[in-house]
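Written below as structure tokens is the structure these notes are about.
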Amino acid sequence: MDKKKAVYAHGELEKVRQHLGEIDPEEAVRVAKLLGGEVGVEQPPPPPPALHPSKPDAHKSASEVDTPVQRREDESHEQEAQSAAPSAQKAQPPVEDDPTQPPKVRYFDRIRLDRYMAYEEFGIKSPAQVFRSIVCFISPPPDYVNPLFVQKRINEYYATLEQLVISTRKIFFQQDESLDERLKTISPLAFSIVDIIRSWDIEQLAREISRLQANPRHIIVSDFTVMLQIIYKPLFRLDELDTETHIKATFFLLYQVLLEQENKNGLSENCPMLIGKALSAYSTLRNEIHYLLYPLLLKLLSNKFISYDLFFTERRKRYKAFLGVRDGERLTPDTIPSHIPEASEEAKTPEQAAERVASPQEQEQERVALEYKAVQQGLQIMETLFPKSGWKTIDEFPDIYPYFTNIFNLKHGFEFMSPDDPLLQVAVLMHVLQNMFTGMRSIKFKASAPHNIETELTTITNNWGAALDMMFTKEYLPRLNEYHTMYENAGNARDAIYIRRLYSELQWLRRLFFFPYYNFDVKFGAPLKREGLTSIYTEIRKLRRILTTIACEIDAVHRKSSGIIANAWAPYNFQLANSVSVRLNALLVEKKRTNALLIFFTLSIVMILDYMLNNENSWAYSGHPQFLLRSPDATLTEIKINTDLLFRQSLKELEVADKAKSSK
């Protein structure tokens with residue numbers, strides 16, 4: 001007896017076909033034969049209600065009788081006429097822009113959005129992620145983001161925003177409160193603009209970026225919600241203002257107010273440069289970064305692709321609800337006074353400062369140059385603290401183990417590291433920071449200081465020793481010792497699977513803890529789970545931002561108190577003397593042994609580590625060895641370096657040089 005065909009509601013089979021996407025006909029036939037059965041049938045569509053209950057006139061021809069399609073069109077026209085009538089109710093916002101309704105993205109719209117995000121200019125998704133999205137027909141895959149975007153691009157975007165905010169803050173920090181009042185009196189709009197910029201919460205943004213970079217391969221689009229809100233909310237408030245007419249005019253007016261107060265407080269020679277940097281950073285932020293991050297907003301707030309020019313109009317309700325803002329929070333365009341007192345010939349205008357860093361290419365070159373200069377300064381400090389240790393030519397990978405093994409009592413296993421291994425340099429720098437952190441424990445924060453800065457700095461410095469011990473003593477060095485023993489005793493069996501597995505674990509630990517851009521042939525899985533893993537490269541990036549914020553608040557020229565540290569100019573205090581504190585005391589006169597100087601020294605060492613680990617163009621990545629062990633030809637037991645004698649000789653040379661300068 002034949003089985004009756006299943007009967008489905010009208011449109012149900014079509015919905016299933018849409019979910020499945022495009023299917024090859026031959027594949028469909030093959031699957032049908034394997035599964036058996038017959039395809040059901042759909043019920044016919046229900047007849048539409050008649051516009052007029054009376055039957056059509058008998059004398060009308062078949063062509064004159066209203067068809068169902070015609071009746072539906074007439075009904076549509078009638079509804080449009082009713083909506084256009086004066087008595088009609090106010091039209092509701094379309095569902096696509098209704099923030100109370102989550103956007104429902106269809107398969108082909110999702111594919112187009114993912115492909116758009118993978119464009120080279122955005123780099124938000126990788127080709128592999130787009131391919132996975134294409135092959136998932138029924139349900140979308142996890143909305144992962146390209147790890148390179150998480151690790152690299154958002155750092156570049158943050159650097160631009162940080163330059164804008166820090167430059168603006170430093171201008172006001174160098175003046176007293178009268179600058180605020182004077183600017184507010186001359187132009188309330190100009191004061192509101194700079195107040196929005198200097199109040200930008202880059203500290204919370206830094207925490208969000210650190211959270212994202214802690215596990216970059218498992219970040220999805222929705223994880224960027226807080227970061228996008230922090231970046232776009234102030235830009236929304238400044239959205240109706242013109243860069244030339246309002247933003248540039250604001251900083252030009254600010255410069256004139258600074259000139260006006262020159263006799264009172266003294267105009268810092270850095271102010272024109274800071275204004276130029278702020279203007280260039282804002283231009284980059286508004287004209288480039290605002291666009292480069294918009295695909296993330298598009299994926300979160302829209303059910304289909306919308307061009308950049310139309311997105312903020314067609315999705316304005318969702319956009320405002322996402323930021324938690326109202327139209328009334330936007331600054332209203334107004335005229336900013338352009339009357340400027342005549343400046344002295346020596347004074348540099350903001351236009352002149354902006355011309356030097358006008359283009360993004362020049363700005364990027366300047367940023368790279370400043371970072372490299374800071375790294376070189378840090379290397380010079382290392383060479384001064386540890387003379388003839390090799391830090392002047394550290395990119396040539398001198399053998400630094402014999403020099404530092406007794407200074408820091410390096411654990412068993414470090415002697416097996418190859419001199420060409422940058423991880424040996426990282427280990428020494430981490431020991432130097434551990435010594436410096438013992439002196440930073442006496443630093444006191446003001447009650448008005450941001451709570452997160454004190455908390456994060458205290459957490460990092462207190463846990464640094466434990467992190468150093470866990471990364472090397474518990475994880476890396478035991479495996480390196482075992483690998484050394486097996487490799488030396490294996491003879492012809494050095495290709496055995498247990499040796500290759502141990503080698504792979506060492507490579508994984510380098511990637512997980514230290515070098516995020518380190519590439520190697522993955523043949524075995526990671527020895528540790530990523531969840532809950534604290535990597536040194538993320539901690540160093542966080543530490544750099546914290547110390548930079550503190551250092552920017554310290555005016556070493558006028559010896560003003562820091563806006564964050566309560567005892568910035570008090571003597572630093574190492575409760576227990578260590579290798580670094582002894583050398584600092586010998587190098588510095590007593591009046592210079594301050595917490596402020598200790599912060600600057602610590603930041604210089606952190607800059608070296610940050611450059612090595614978080615810059616894929618650093619010498620640490622160009623010099624990664626394929627062979628992790630020291631050559632057996634090196635006899636370390638016969639190498640003895642009197643580091644104390646070298647330091648005393650360096651002190652005498654410095655004294656002679658100082659006397660020669662003073663005599664001139």
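Heavy-atom basis, side chains included; hydrogens, waters and symmetry copies ignored. Everything quoted here is computed from the prediction, not taken from an experiment.
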(message) Less than 4.0 angstrom from a charged side-chain N to a carboxylate O is my criterion; do Glu539 and Lys542 meet it?
(response) yes
(message) For Glu162, is there an ion pair with Arg545 - N to carboxylate O distance below 4.0 angstrom?
(response) no
(request) Could you tell me which residues satisfy salt bridge (Lys or Arg N to Asp or Glu O under 4.0 Å) with Glu456, sequence neighbours excluded, listed by chain and number? (result) Arg207
Could you list the residues that satisfy ring-ring contact (aromatic ring centres under 6.0 Å, His included) with [X], not counting sequence neighbours?
{"X": "Tyr572", "value": "Phe574"}
{"X": "Trp200", "value": "none"}
{"X": "His246", "value": "none"}
{"X": "Phe601", "value": "none"}

Atom [atom1] in [X], atom [atom2] in [Y]: separation rounded to 0.5 Å?
{"X": "Ile154", "Y": "Leu161", "atom1": "CD1", "atom2": "CG", "result": "12.5 Å"}
{"X": "Leu331", "Y": "Ile196", "atom1": "CG", "atom2": "CD1", "result": "4.0 Å"}
{"X": "Asp309", "Y": "Glu314", "atom1": "CG", "atom2": "CD", "result": "11.0 Å"}
{"X": "Phe149", "Y": "Leu212", "atom1": "CZ", "atom2": "CG", "result": "9.5 Å"}

Whether the side chain of [X] engages the backbone of [Y] through a donor-acceptor N/O pair (distance < 3.5 Å, no angle test) should be reported.
{"X": "Asn463", "Y": "Thr459", "value": "yes"}
{"X": "Tyr158", "Y": "Arg153", "value": "no"}
{"X": "Ser167", "Y": "Leu164", "value": "no"}
{"X": "Tyr518", "Y": "Leu512", "value": "no"}

(message) For a quick test of reading the model, state the closest non-hydrogen atom pair linking Leu423 to Arg510 and the distance between them.
(response) CD2-NH1, 3.8 Å
(request) Give a yes-or-no answer on whether the side chains of Ser133 and Arg110 include a donor-acceptor pair shorter than 3.5 Å. (result) yes
(message) Is it true that Ser283 and Asn287 share a donor-acceptor pair across their side chains at a distance under 3.5 Å?
(response) yes
Considering residues at least two apart in sequence or located in another chain, which fulfil the side-chain hydrogen bond (donor to acceptor under 3.5 Å, both in side chains) criterion with [X]?
{"X": "Glu208", "result": "Arg211"}
{"X": "Gln213", "result": "Asn155"}
{"X": "Asp242", "result": "Thr245"}
{"X": "Glu454", "result": "none"}

(message) With side-chain hydrogen bond (donor to acceptor under 3.5 Å, both in side chains) as the rule and sequence neighbours excluded, what pairs involving residues 598-612 come up?
(response) Arg541-Asp610, Arg544-Asp610, Asp610-Asn614
(request) Sorted by first residue and then second, give each salt bridge (charged side-chain N to carboxylate O under 4.0 Å, His left out) pair with at least one member in residues 299-308; sequence neighbours left out. (result) Asp114-Lys299, Asp143-Lys299
(message) Can you tell me if Tyr372 has over 12 outside heavy atoms packed within less than 6.0 Å of its OH?
(response) no
Under 3.5 Å donor-acceptor pairs involving side-chain atoms of residues 115-122, not counting sequence neighbours:
from   : atom 1 : to     : atom 2 : distance (Å)
Glu121 : OE1    : Tyr291 : OH     : 3.3
Glu121 : OE2    : Tyr291 : OH     : 3.2

(request) Could you check whether the rings of Phe312 and Tyr294 sit parallel, tilted or perpendicular, using 30° and 60° as the cut-offs? (result) tilted
